2 protein chains.
Amino acid sequence: MFEQLYKSIHAHVTLTPEEWEFCKTKFIPKRLRRRQYLLQQGDVCRKLAFIEKGALVAYTIDDKGTQKVIQFGFEGWWIADLYSFLTNEPSALNIEALEDSELLLIDKVEHEELMEQVHAIGNYHRILFQNAFIALQRRVGNTIGTTAGEKYNTLVEEFPASFFNRIPQHLIASYLGVTPETLSRVRNQRASQRD
Amino acid sequence: MFEQLYKSIHAHVTLTPEEWEFCKTKFIPKRLRRRQYLLQQGDVCRKLAFIEKGALVAYTIDDKGTQKVIQFGFEGWWIADLYSFLTNEPSALNIEALEDSELLLIDKVEHEELMEQVHAIGNYHRILFQNAFIALQRRVGNTIGTTAGEKYNTLVEEFPASFFNRIPQHLIASYLGVTPETLSRVRNQRASQRD
DNA sequence: TCTTTTTCTTGCCCGATATCAATGGATAGG
DNA sequence: CCTATCCATTGATATCGGGCAAGAAAAAGA
């Protein structure tokens with residue numbers, strides 16, 4: 001149940017066995033079935049979720065009713081609406097399971113206590129945010145002033161196939177900021193170029 | 001010289017007077033004249049910069065020679081190529097002063113020592129990264145699937161005028177991922193609508 | 001102040017992508 | 001196994017924004 005979390009933490013910092021045992025007590029396991037919501041637009045995001053297994057997607061629905069994918073999440077990643085979590089304001093995001101998934105949840109009080117008691121966890125989160133920040137900056141750079149084809153190529157390069165192949169195309173299209181039709185045509189051209 | 005840094009840190013965490021005195025010893029002041037580089041593409045980013053005064057811009061030049069603005073920085077903000085800083089790989093970014101500016105620099109060794117000695121500084125950076133991450137996610141949401149006009153409107157709303165007005169339009173255009181010509185037309189339409 | 005350089009604006013045309021619509025496949029659930 | 005729904009594909013057309021060029025305006029530097 002805690003393998004992925006253990007791996008994730010220890011990839012960045014070191015905990016004593018006691019610290020790790022303490023850590024585990026702070027999380028609540030939760031299962032989600034495919035299509036089930038972890039968070040719905042309008043609700044306050046009260047827990048951070050670590051994904052032990054499965055795949056999720058975070059998205060908004062804009063005024064015109066168009067879905068915009070903000071983030072994907074797979075085993076070993078964290079997912080939440082951080083803004084809502086920190087401010088207690090209603091979330092603008094939906095977070096939904098793409099597959100049956102297993103999560104570990106932690107609420108704000110427990111999380112703060114954990115960081116206080118186990119100093120390394122604060123560092124762990126700082127490093128994760130650093131990395132997430134860097135990844136997001138790359139994404140922005142890849143979104144600005146590029147054609148649909150370039151965006152797609154970069155995504156294919158940067159995303160491991162083991163994750164990539166589990167995402168429906170229309171969500172990839174939304175993530176890239178193009179329509180499903182455009183993505184379909186782009187893929188077609190790529191395929192014919194590689195003959 | 002350290003007013004902005006003091007304000008920034010104490011907006012998020014609390015330092016004892018001794019910690020603050022220690023903190024100050026870790027930074028090196030630096031002045032940049034307008035147009036001067038803080039970092040050039042190809043160089044390794046060896047220092048984090050805190051902006052005491054002035055305005056900077058971080059951008060890449062892509063294959064076609066087009067400038068892409070990744071980030072602006074003003075007094076009270078940090079700026080650096082974090083990826084290069086952490087990995088010691090050559091940076092893909094240029095960071096340049098838009099105005100004569102005053103910076104406080106800190107290199108990796110000093111920064112790590114500072115975080116080790118002054119625990120609150122680690123928290124300070126974690127909180128800053130959190131906020132930066134949230135802001136970047138908003139930016140992505142605002143970039144995906146919106147017209148040039150919408151992008152501009154959102155930017156005007158979210159950026160304080162005291163910063164906004166100091167940025168040349170062609171850099172704002174690049175930041176939004178549109179051409180200067182398009183931005184000019186968008187502004188024109190907005191102006192005529194508000195009669 | 002005057003000159004030079006940079007930045008912004010405007011018009012025209014073109015191309016990439018959105019939009020609309022129709023069809024065929026895949027998938028899930030009864 | 002069958003049916004309903006969702007998803008991907010393809011074509012036809014419309015639209016937004018890009019690229020180019022010329023000139024105006026503004027700002028920097030002397």
Side-chain angles (χ1 to χ4, degrees), chain A residues 32-36 55 57 59 61-69 72 94 96-100 142-156 164-193, chain B residues 32-36 54-55 57 59 61-69 72 94 96-101 142-156 164-193:
Chain A
L32 280 189
R33 290 221 303 272
R34 185 181 142 83
R35 306 236 158 190
Q36 197 179 341
V57 59
Y59 61 88
I61 305 289
D62 71 14
D63 334 313
K64 299 155 210 142
T66 315
Q67 184 184 37
K68 288 200 226 176
V69 170
F72 294 109
N94 298 281
E96 191 183 324
L98 296 176
E99 311 168 351
D100 294 355
N142 181 39
T143 304
I144 286 180
T146 53
T147 65
E150 288 166 339
K151 288 194 241 278
Y152 183 73
N153 287 336
T154 310
L155 188 68
V156 170
F164 190 86
N165 297 332
R166 289 152 66 188
I167 310 172
Q169 277 187 45
H170 69 278
L171 292 182
I172 291 180
S174 165
Y175 182 82
L176 294 176
V178 301
T179 58
E181 292 94 331
T182 297
L183 182 62
S184 174
R185 288 184 250 263
V186 163
R187 283 163 49 86
N188 242 316
Q189 288 187 355
R190 270 171 58 93
S192 60
Q193 274 167 19
Chain B
L32 281 188
R33 289 221 303 272
R34 185 181 142 83
R35 307 239 151 184
Q36 198 178 341
V57 59
Y59 61 90
I61 304 289
D62 71 14
D63 335 314
K64 301 157 210 142
T66 314
Q67 184 184 36
K68 287 198 228 179
V69 171
F72 295 109
N94 298 282
E96 191 183 324
L98 296 176
E99 311 168 350
D100 294 355
S101 301
N142 182 39
T143 303
I144 286 180
T146 52
T147 65
E150 288 166 339
K151 289 195 241 275
Y152 183 74
N153 287 338
T154 310
L155 189 67
V156 170
F164 191 85
N165 297 332
R166 289 150 67 186
I167 310 171
Q169 277 186 48
H170 70 280
L171 293 183
I172 290 178
S174 165
Y175 182 83
L176 294 176
V178 302
T179 59
E181 293 94 329
T182 297
L183 182 61
S184 173
R185 287 183 254 263
V186 163
R187 283 163 47 86
N188 241 315
Q189 286 187 356
R190 269 171 59 94
S192 60
Q193 273 167 20

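Treat the numbers as computed from the prediction; the structure is a model and nothing was measured. Any value given below was found using the heavy atoms of this structure, including those in side chains, with hydrogens, waters and symmetry copies removed. Just so it is clear: chains get the letters A, B, ... in the order the sequence lines come, proteins before strands, and each one is counted from 1.
- Across the interface with DNA chain C, nearest-nucleotide mapping of A/A148 and B/N188 shows B/N188 to be the residue nearer the 5′ end.
- For the pair B/K68 NZ and D/dG18 P, the computed distance is 13 Å after rounding to whole Å.
- In this structure, B/Q169 atom CD and C/dT7 atom P are separated by 11 Å, rounded to whole Å.
- Checked by atom type and distance alone, the side chain of A/R190 never pairs as donor or acceptor with a backbone atom of A/G149 at under 3.5 Å.
- At a threshold of 4.0 angstrom between heavy atoms, the contacts of B/G177 are confined to the sugar-phosphate backbone, with no base atom among them.
- As rounded to whole Å, 17 Å separates atom C1' of D/dT9 from atom CZ of A/R190.
- B/N165 has its CG atom 16 Å from the C1' atom of D/dA27, to the nearest Å.
- A donor-acceptor distance shorter than 3.5 angstrom exists from the side chain of B/T154 to the backbone of B/E150, with no hydrogens or angles considered.
- Here A/S184 reaches the OP1 or OP2 of D/dT9: one of its side-chain N or O atoms lies under 4.0 Å away.
- With B/D100 contributing its side chain and B/R33 its backbone, the two residues share no donor-acceptor pair below 3.5 Å.
- Test A/L183, A/V186, A/L176 against A/K151 for side chain to side chain contact (heavy atoms under 4.5 Å, CB included) and you get one pass: A/L176.
- The CD-C1' distance, from B/E181 to D/dC16, rounds to 14 Å in whole Å.
- What separates CD of B/Q189 from P of D/dT15 is a distance of 15 Å, to the nearest Å.
- The CZ atom of A/R187 sits 15 Å away from the C1' atom of D/dT10 (whole-angstrom rounding).
- Proximity of A/T179 to the phosphate of C/dA18: a side-chain N or O atom is located under 4.0 Å from OP1 or OP2.
- In terms of position on DNA chain D, the residue among A/T182 and B/V178 whose nearest nucleotide sits closer to the 5' end is A/T182.
- Counting heavy atoms from C-beta on, the side chains of B/L98 and B/L171 come closer than 4.5 Å.
- Rounded to whole Å, the distance from CZ on A/R185 to P on C/dG15 is 17 Å.
- For B/H170 and C/dT6, the shortest distance from a side-chain N or O to OP1 or OP2 is not below 4.0 Å.
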